[in-house]
Amino acid sequence: EILPQFEDDIVCEALVQTGEDVLQAVDLLLSSSLSGKSGKKKKEKKHVEAQEPEQPAAAAEPDAQQAAASGAAEAAPEADAEAKQEDQRPKTAAEKELQKLKKKLRDIERIEEKVRANEKVDPLQLPKLDKKREVELELGQVERQVQEEELAREEEQRRQEEEERRLEEERRREEAERYAHEEAERRAREEAARQEALRLQHERQAELQRQRREQDESHEAAREEQPHGGEDANPRPWQTQ
(Lines give C-alpha, C1' and ligand atoms only; values in the text may rest on other atoms or scores of the structure.)
Protein backbone atom coordinates (compact mmCIF):
# COMPACT_ATOMS: atom_id res chain seq x y z
CA GLU A 1 0.00 0.00 0.00
CA ILE A 2 2.90 2.41 0.64
CA LEU A 3 4.38 1.81 -2.84
CA PRO A 4 1.42 0.92 -5.06
CA GLN A 5 3.49 1.44 -8.24
CA PHE A 6 5.46 -1.76 -7.53
CA GLU A 7 4.11 -5.27 -7.89
CA ASP A 8 3.97 -7.64 -4.94
CA ASP A 9 6.67 -9.91 -6.30
CA ILE A 10 9.09 -6.99 -6.61
CA VAL A 11 8.32 -5.81 -3.09
CA CYS A 12 8.87 -9.31 -1.68
CA GLU A 13 12.17 -9.59 -3.50
CA ALA A 14 13.29 -6.26 -2.04
CA LEU A 15 12.34 -7.40 1.46
CA VAL A 16 14.28 -10.61 1.01
CA GLN A 17 17.35 -8.70 -0.17
CA THR A 18 17.19 -6.31 2.83
CA GLY A 19 16.41 -8.96 5.49
CA GLU A 20 12.80 -7.79 5.76
CA ASP A 21 13.91 -4.28 6.73
CA VAL A 22 11.07 -2.14 5.42
CA LEU A 23 12.97 1.15 5.21
CA GLN A 24 15.89 -0.40 3.36
CA ALA A 25 13.45 -2.20 1.08
CA VAL A 26 11.71 1.10 0.25
CA ASP A 27 15.05 2.78 -0.45
CA LEU A 28 16.08 -0.11 -2.66
CA LEU A 29 12.86 -0.03 -4.62
CA LEU A 30 13.00 3.77 -5.11
CA SER A 31 16.65 3.79 -6.10
CA SER A 32 16.15 0.94 -8.54
CA SER A 33 13.10 2.69 -9.98
CA LEU A 34 14.93 6.01 -10.45
CA SER A 35 17.99 4.37 -11.96
CA GLY A 36 15.80 2.38 -14.31
CA LYS A 37 13.96 5.48 -15.46
CA SER A 38 17.20 7.44 -15.83
CA GLY A 39 18.77 4.65 -17.83
CA LYS A 40 15.73 4.44 -20.06
CA LYS A 41 15.80 8.20 -20.68
CA LYS A 42 19.52 8.07 -21.49
CA LYS A 43 18.94 5.26 -23.94
CA GLU A 44 16.12 7.19 -25.63
CA LYS A 45 18.27 10.31 -25.79
CA LYS A 46 21.20 8.42 -27.32
CA HIS A 47 18.85 6.80 -29.81
CA VAL A 48 17.50 10.21 -30.86
CA GLU A 49 21.00 11.73 -31.11
CA ALA A 50 22.14 8.78 -33.19
CA GLN A 51 19.29 9.31 -35.62
CA GLU A 52 19.58 13.13 -35.88
CA PRO A 53 22.95 13.30 -37.72
CA GLU A 54 21.61 10.98 -40.38
CA GLN A 55 19.13 13.62 -41.56
CA PRO A 56 21.70 16.27 -42.56
CA ALA A 57 23.81 13.58 -44.15
CA ALA A 58 20.79 12.32 -46.05
CA ALA A 59 19.95 15.89 -47.03
CA ALA A 60 23.53 16.64 -48.05
CA GLU A 61 23.80 13.50 -50.14
CA PRO A 62 21.43 14.70 -52.91
CA ASP A 63 23.32 18.03 -53.07
CA ALA A 64 26.62 16.21 -53.50
CA GLN A 65 25.09 13.95 -56.12
CA GLN A 66 23.59 16.93 -57.93
CA ALA A 67 26.92 18.80 -57.89
CA ALA A 68 28.75 15.73 -59.17
CA ALA A 69 26.14 15.23 -61.88
CA SER A 70 26.40 18.89 -62.87
CA GLY A 71 30.19 18.70 -63.10
CA ALA A 72 30.00 15.51 -65.10
CA ALA A 73 27.40 17.06 -67.41
CA GLU A 74 29.69 20.06 -68.07
CA ALA A 75 32.73 17.89 -68.71
CA ALA A 76 30.84 15.34 -70.81
CA PRO A 77 30.33 17.49 -73.96
CA GLU A 78 34.03 18.38 -74.17
CA ALA A 79 35.09 14.76 -73.65
CA ASP A 80 32.52 13.56 -76.19
CA ALA A 81 33.67 16.13 -78.74
CA GLU A 82 37.32 15.12 -78.31
CA ALA A 83 36.46 11.42 -78.48
CA LYS A 84 34.31 11.97 -81.57
CA GLN A 85 37.08 13.95 -83.27
CA GLU A 86 39.57 11.22 -82.37
CA ASP A 87 37.27 8.51 -83.80
CA GLN A 88 36.74 10.42 -87.04
CA ARG A 89 40.48 10.82 -87.57
CA PRO A 90 41.94 8.00 -89.68
CA LYS A 91 44.49 5.80 -87.94
CA THR A 92 48.12 6.33 -88.80
CA ALA A 93 50.41 3.47 -89.79
CA ALA A 94 52.05 3.57 -86.37
CA GLU A 95 48.69 3.37 -84.59
CA LYS A 96 47.64 0.41 -86.72
CA GLU A 97 50.94 -1.32 -85.98
CA LEU A 98 50.45 -0.59 -82.27
CA GLN A 99 47.05 -2.28 -82.31
CA LYS A 100 48.54 -5.35 -84.01
CA LEU A 101 51.36 -5.62 -81.47
CA LYS A 102 48.97 -5.21 -78.53
CA LYS A 103 46.79 -7.99 -79.92
CA LYS A 104 49.85 -10.19 -80.44
CA LEU A 105 51.01 -9.57 -76.86
CA ARG A 106 47.53 -10.38 -75.49
CA ASP A 107 47.60 -13.69 -77.39
CA ILE A 108 50.99 -14.53 -75.90
CA GLU A 109 49.77 -13.69 -72.39
CA ARG A 110 46.71 -15.93 -72.83
CA ILE A 111 48.97 -18.78 -73.91
CA GLU A 112 51.12 -18.20 -70.81
CA GLU A 113 48.04 -18.30 -68.59
CA LYS A 114 46.97 -21.59 -70.11
CA VAL A 115 50.46 -23.03 -69.62
CA ARG A 116 50.50 -21.93 -65.97
CA ALA A 117 47.06 -23.44 -65.45
CA ASN A 118 48.20 -26.73 -67.08
CA GLU A 119 45.52 -26.34 -69.73
CA LYS A 120 45.78 -27.85 -73.19
CA VAL A 121 47.66 -25.59 -75.61
CA ASP A 122 48.05 -25.99 -79.34
CA PRO A 123 51.72 -26.95 -79.92
CA LEU A 124 51.84 -24.57 -82.86
CA GLN A 125 51.11 -21.69 -80.48
CA LEU A 126 54.02 -22.43 -78.11
CA PRO A 127 56.71 -20.81 -80.29
CA LYS A 128 54.94 -17.49 -79.76
CA LEU A 129 56.11 -17.52 -76.15
CA ASP A 130 59.71 -17.15 -77.29
CA LYS A 131 58.83 -13.96 -79.14
CA LYS A 132 57.30 -12.20 -76.14
CA ARG A 133 60.40 -10.12 -75.38
CA GLU A 134 60.77 -9.14 -79.01
CA VAL A 135 57.11 -8.10 -79.20
CA GLU A 136 57.44 -6.05 -76.00
CA LEU A 137 60.47 -4.19 -77.32
CA GLU A 138 58.80 -3.49 -80.64
CA LEU A 139 55.62 -2.43 -78.80
CA GLY A 140 57.62 0.09 -76.75
CA GLN A 141 59.19 1.58 -79.85
CA VAL A 142 55.86 1.91 -81.64
CA GLU A 143 54.26 3.43 -78.54
CA ARG A 144 56.98 6.10 -78.46
CA GLN A 145 56.38 6.76 -82.15
CA VAL A 146 52.62 7.10 -81.56
CA GLN A 147 53.27 9.48 -78.66
CA GLU A 148 55.56 11.59 -80.86
CA GLU A 149 52.87 11.70 -83.54
CA GLU A 150 50.31 12.69 -80.92
CA LEU A 151 52.58 15.50 -79.69
CA ALA A 152 53.09 16.64 -83.27
CA ARG A 153 49.31 16.69 -83.85
CA GLU A 154 48.78 18.64 -80.64
CA GLU A 155 51.48 21.11 -81.67
CA GLU A 156 49.90 21.46 -85.11
CA GLN A 157 46.47 21.94 -83.57
CA ARG A 158 47.89 24.56 -81.21
CA ARG A 159 49.55 26.32 -84.14
CA GLN A 160 46.28 26.27 -86.10
CA GLU A 161 44.38 27.67 -83.12
CA GLU A 162 46.95 30.44 -82.75
CA GLU A 163 46.69 31.16 -86.48
CA GLU A 164 42.90 31.30 -86.21
CA ARG A 165 43.17 33.65 -83.26
CA ARG A 166 45.63 35.82 -85.17
CA LEU A 167 43.36 35.94 -88.20
CA GLU A 168 40.39 36.75 -85.99
CA GLU A 169 42.30 39.56 -84.29
CA GLU A 170 43.43 40.86 -87.68
CA ARG A 171 39.85 40.72 -88.98
CA ARG A 172 38.62 42.64 -85.94
CA ARG A 173 41.42 45.20 -86.33
CA GLU A 174 40.61 45.70 -90.01
CA GLU A 175 36.94 45.99 -89.16
CA ALA A 176 37.73 48.60 -86.49
CA GLU A 177 39.95 50.52 -88.94
CA ARG A 178 37.26 50.37 -91.62
CA TYR A 179 34.68 51.60 -89.15
CA ALA A 180 37.00 54.43 -88.08
CA HIS A 181 37.64 55.34 -91.73
CA GLU A 182 33.92 55.32 -92.53
CA GLU A 183 33.24 57.40 -89.43
CA ALA A 184 35.90 59.90 -90.45
CA GLU A 185 34.44 60.11 -93.96
CA ARG A 186 30.96 60.59 -92.53
CA ARG A 187 32.16 63.40 -90.31
CA ALA A 188 34.03 64.95 -93.25
CA ARG A 189 30.86 64.85 -95.37
CA GLU A 190 28.86 66.39 -92.56
CA GLU A 191 31.47 69.15 -92.14
CA ALA A 192 31.49 69.78 -95.90
CA ALA A 193 27.70 69.96 -95.93
CA ARG A 194 27.78 72.37 -93.01
CA GLN A 195 30.36 74.56 -94.71
CA GLU A 196 28.32 74.52 -97.93
CA ALA A 197 25.20 75.52 -96.00
CA LEU A 198 27.10 78.38 -94.38
CA ARG A 199 28.43 79.49 -97.79
CA LEU A 200 24.95 79.48 -99.29
CA GLN A 201 23.64 81.37 -96.30
CA HIS A 202 26.36 84.00 -96.68
CA GLU A 203 25.64 84.28 -100.40
CA ARG A 204 21.94 84.76 -99.74
CA GLN A 205 22.69 87.39 -97.14
CA ALA A 206 25.08 89.15 -99.52
CA GLU A 207 22.48 89.02 -102.29
CA LEU A 208 19.83 90.46 -99.99
CA GLN A 209 22.20 93.22 -98.94
CA ARG A 210 23.03 93.98 -102.60
CA GLN A 211 19.33 94.11 -103.47
CA ARG A 212 18.63 96.44 -100.56
CA ARG A 213 21.54 98.64 -101.56
CA GLU A 214 20.31 98.80 -105.15
CA GLN A 215 16.83 99.63 -103.93
CA ASP A 216 18.20 102.34 -101.69
CA GLU A 217 20.26 103.74 -104.55
CA SER A 218 17.24 103.61 -106.86
CA HIS A 219 15.09 105.45 -104.35
CA GLU A 220 17.82 108.02 -103.81
CA ALA A 221 18.19 108.59 -107.54
CA ALA A 222 14.44 108.94 -107.90
CA ARG A 223 14.34 111.57 -105.19
CA GLU A 224 17.18 113.48 -106.80
CA GLU A 225 15.40 113.54 -110.16
CA GLN A 226 12.23 115.11 -108.67
CA PRO A 227 12.07 119.07 -109.05
CA HIS A 228 12.65 121.20 -106.01
CA GLY A 229 9.65 122.83 -104.32
CA GLY A 230 10.63 126.57 -105.23
CA GLU A 231 10.88 125.92 -109.00
CA ASP A 232 7.96 125.98 -111.43
CA ALA A 233 7.36 122.60 -112.89
CA ASN A 234 5.68 124.18 -116.04
CA PRO A 235 7.77 127.21 -117.22
CA ARG A 236 6.09 129.91 -119.23
CA PRO A 237 7.06 130.56 -122.87
CA TRP A 238 8.97 133.73 -122.19
CA GLN A 239 10.88 131.97 -119.52
CA THR A 240 12.22 129.57 -122.05
CA GLN A 241 13.65 132.27 -124.31
Side-chain angles (χ1 to χ4, degrees), residues 50-189:
Q51 289 181 348
E52 286 179 354
E54 294 179 358
Q55 295 178 354
E61 184 176 356
D63 295 338
Q65 292 178 354
Q66 185 176 1
S70 177
E74 292 177 357
E78 297 180 359
D80 293 341
E82 292 179 358
K84 186 176 181 181
Q85 184 177 2
E86 188 68 18
D87 293 339
Q88 292 177 352
R89 180 180 59 81
K91 298 290 184 182
T92 63
E95 289 174 339
K96 293 178 181 178
E97 183 65 20
L98 182 63
Q99 290 180 344
K100 292 179 182 179
L101 292 173
K102 285 182 177 180
K103 182 179 181 300
K104 187 181 293 186
L105 186 60
R106 287 195 298 269
D107 293 340
I108 294 173
E109 290 175 349
R110 280 195 293 268
I111 294 171
E112 287 180 340
E113 291 176 359
K114 289 182 179 180
V115 171
R116 284 194 296 268
N118 295 323
E119 296 180 3
K120 184 179 179 180
V121 180
D122 186 358
L124 297 177
Q125 299 294 325
L126 293 176
K128 292 182 179 181
L129 299 177
D130 299 332
K131 297 182 179 181
K132 181 179 180 181
R133 181 59 180 167
E134 179 183 351
V135 172
E136 289 177 344
L137 292 175
E138 189 176 358
L139 180 63
Q141 294 176 355
V142 176
E143 282 180 343
R144 286 192 294 272
Q145 183 178 354
V146 171
Q147 289 176 356
E148 291 175 358
E149 290 177 353
E150 180 66 23
L151 291 175
R153 282 194 299 272
E154 291 178 356
E155 179 65 20
E156 179 64 19
Q157 183 178 359
R158 185 185 62 80
R159 189 190 64 78
Q160 290 179 357
E161 290 176 354
E162 289 181 354
E163 181 66 15
E164 290 176 357
R165 285 195 296 269
R166 187 188 66 79
L167 293 175
E168 179 65 18
E169 291 176 358
E170 184 176 354
R171 184 189 65 79
R172 291 180 179 178
R173 184 172 60 254
E174 291 177 354
E175 185 177 354
E177 291 176 355
R178 184 172 62 255
Y179 174 78
H181 181 69
E182 292 176 354
E183 183 68 13
E185 288 183 348
R186 183 185 64 81
R187 292 180 180 179
R189 288 193 299 270

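Values below: every heavy atom of this structure, side chains too, minus hydrogens, waters and symmetry copies. Positions are given from 1, in the same order as the sequence printed here.
Shown here are the side chain to side chain contact (heavy atoms under 4.5 Å, CB included) partners of Leu129, two or more places apart in sequence or in another chain: Ile108, Ile111, Glu112, Val115, Leu126. For Glu156, the side chain to side chain contact (heavy atoms under 4.5 Å, CB included) criterion is met by Arg159, Gln160, not counting sequence neighbours. Residues meeting the salt bridge (Lys or Arg N to Asp or Glu O under 4.0 Å) test with Glu161, sequence neighbours left out: none.
Using a 4.5 Å heavy-atom threshold, the side chains of Lys114 and Gln125 count as separate. Under the 4.5 Å side-chain criterion, counting only non-hydrogen atoms from C-beta, Arg171 is not in contact with Leu167. Between Glu138 and Lys131 the shortest side-chain heavy-atom distance does not fall below 4.5 Å. Side-chain contact between Arg189 and Glu185 is present, with at least one heavy-atom pair separated by less than 4.5 Å. Under the 4.5 Å side-chain criterion, counting only non-hydrogen atoms from C-beta, Gln145 is not in contact with Glu97.
A salt bridge between Glu109 and Arg106 is absent, with no side-chain N of the basic residue lying under 4.0 Å from a carboxylate O of the acidic one. Under the 4.0 Å criterion applied to side-chain N and carboxylate O atoms, Glu162 and Arg158 are assigned as salt-bridge partners. Between Glu168 and Arg172 there is a salt bridge, since a side-chain N of the basic residue sits under 4.0 Å from a carboxylate O of the acidic one.
Between the Glu95 side chain and the Thr92 main chain, a donor and an acceptor come within less than 3.5 Å of each other.
In this structure, the separation between CD on Glu119 and CD on Glu113 is 9.0 Å, given to the nearest 0.5 Å. One finds the CD atom of Glu143 at 13.5 Å from the CD atom of Glu150 (value rounded to the nearest 0.5 Å). For the atom pair CG of Leu101 and CD of Gln99, the computed distance is 10.5 Å after rounding to the nearest 0.5 Å. Here His181 contributes atom NE2 and Glu183 contributes atom CD; the two are 12.0 Å apart, rounded to the nearest 0.5 Å.
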Intermediate values then yes/no, side chain to side chain contact (heavy atoms under 4.5 Å, CB included), Glu154 and Leu151: CA-CA 5 Å; Glu154 291 178 356; Leu151 291 175; 3.9 Å; yes

Residues Glu177, Arg173; criterion side chain to side chain contact (heavy atoms under 4.5 Å, CB included); working and verdict: CA-CA 6 Å; Glu177 291 176 355; Arg173 184 172 60 254; 3.8 Å; yes

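Residue Arg186 qualifies as enclosed at atom CZ: its count of foreign heavy atoms under 6.0 Å is above 12.
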